[in-house]
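Labels below follow one simple rule: chain letters A, B, ... track the order of the sequence lines, proteins then strands, and each chain is numbered from 1. Model, not experiment: these values are computed from the prediction.
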2 protein chains.
Amino acid sequence: MPSDSSTGRPVGRGAKVRTAVHAATLAELVDKGYAALTVENIAQRAGVHKTTVYRRWKDRESLLTDALAEHMATDIPVPDTGALETDLRALARSIVQAFNSPAGQAILAAMFTGAAHLPEIAAARRHVFDDRLARAQPVVTRAVERGQLPEGTDPAELLKTLAAPIYLRLLITAEPVDEATADQTVRVTLAAARAGALRPVRDDPPVGE
Amino acid sequence: MPSDSSTGRPVGRGAKVRTAVHAATLAELVDKGYAALTVENIAQRAGVHKTTVYRRWKDRESLLTDALAEHMATDIPVPDTGALETDLRALARSIVQAFNSPAGQAILAAMFTGAAHLPEIAAARRHVFDDRLARAQPVVTRAVERGQLPEGTDPAELLKTLAAPIYLRLLITAEPVDEATADQTVRVTLAAARAGALRPVRDDPPVGE
C-alpha cells in the first residue's frame, strides 16, 4: 500500500509502528504523566529507535496529540439498544467510565492540565469532542424517528446537554463522577428534550414563568 | 486594626496595597497573559516595591491565585427579580458576559490553559465555583418557596445544570458563548426542574421511556 501523501501518515508496515508508538505514548502517559513524557522513553517502550519516532512526529507534543486523538476517537462505543433512555444511559456511563480508568485519568490530566497550554491539545479537545458528537447523533435521530422525542430535537444540543455536567465535575468542581452522575444527566436531558427545550428556539413558543 | 493572623492577610493600609496589587495582577494578565506575568511588572504597575509584594505573596503563582479568587468572588452579581426565569436568565447571561470581557478571556486562559498545571489554580477553580454556587442558591430556594419549582428541587444541582453547557463551550468545544447560549441553558434547566428531574433521585419515580 502506498503512503498517504496528504497526511504523511504511514500505512502497512508503518501502521504497525504507528500503533505501537501510540500505545507506548499512552502507557508512558499513564505511568509517568505528561511532564515526564519523553520521546526516548516512548521509543524504548515501543521497541523502535528514537529516529523512527522523529521521522513520523516532529516532537512529543505532536505525538501526544496524535495518540490522544486516535485513542479517544475509538474509546467510547455508540450504543443502539432500541430505546432512547437506555442508549443515553449507556452513553453517559461510557463517558464516566472512560474518565475513571487509569488511562482516562492520565489523558484528562494531560489534556486539561499538563498539556493544556499547547494549541495542538486545545485543537485535539475540540476535534475529539466534535467527532464523538457526530458519531453519537444517530442515538437521537433514531429516537425522533421512533417518536420518543419531539420532531426537530437538535441531536448535537441534546448530546452536549448530556455531556456537560460530567465535564463540569471533571474540570471544575472536581467532584467524583460515577454511575449516579451519568444517570442524573440522563434524567435532566430526557426531561428537557421531552419538553421540547432541545429544539431550535425559533420553533418553540416562549417558556412561561 | 490588627492583621488577621489566621490568614496572614493585611488589613487597613495593607488592604489598600493588596487591592492595588490584585488590580495590577489582573491588568498585567489581561495585557500580557500568564506566561509573561512577572512580580516585577506587577509591582511597577501597582506603584509598590517588589519586596512589598514578596512580603505578602511567596511567588507569582500564589499572587495570581489570590487575585483571581478575589476577583471572581465578586464579579457575578446574584439577581433577585422576583421570578425564577428572569433570575436564571440574568445569572446565565452574567456568566457569559464575564467570560466575554477582555478580563474574563484572560482569566479563563490563565485558569484553564496557561496556569492550569498549578495545583493552586485547580483549587481556586473549585473554590470560586463553589462560592458562586453557594451565593446563587437563594435564586432556587426562593423559587421553591414561591411554588415555581417542585418541592425538594436541589439548588446546587439546578445551578450546575445551568452553568455546565456554558463551560462545555468555553473549555471544550470552543464555540462562542453569547446571550443565546445563556437563554438556551435556561430553557433546558427550567424544563428539567419543572419536570422534577432536579430533585434527589430517591424522591422521584423512575423516568419511563
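The number of heavy atoms from other shown groups lying within 6.0 Å of NE2 (A:His117) is above 12. Atom CD of A:Gln44 has 12 or fewer heavy atoms from other residues, nucleotides or ligands within 6.0 Å.
Checked for salt-bridge contact, A:Lys160 and B:Glu175 meet the test: a charged N lies under 4.0 Å from a carboxylate O.
Per-residue counts of heavy-atom pairs under 4.5 Å with chain A were compared for B:Ala164, B:Gly114, B:Ala115; the largest is that of B:Ala164.
Proximity of B:Tyr167 to A:Leu171: side-chain heavy atoms (C-beta onward) are nowhere separated by under 4.5 Å.
Only the side chain of B:Thr161 comes within contact range of chain A, with at least one heavy atom under 4.5 Å from a heavy atom of that chain. Interface remark: A:Phe112 contributes backbone and side-chain atoms alike to the contact with chain B (heavy atom separation under 4.5 Å).
Of all heavy-atom pairs spanning A:Ala192 and B:Ala191, the tightest one is CA-CB, 3.9 Å. Residues A:Gln184 and B:Leu198 approach most closely at NE2-CD2, 3.8 Å, considering heavy atoms. Contact detail for A:Ala116 and B:Thr113: the closest heavy-atom pair is O-CG2, 3.1 Å.
Counting only distance, with no hydrogens or angles, the side chain of B:Arg187 and the backbone of A:Arg199 share a donor-acceptor pair below 3.5 Å.
Note: A:Leu168 CG to B:Leu168 CG = 9.5 Å, rounded to the nearest 0.5 Å.
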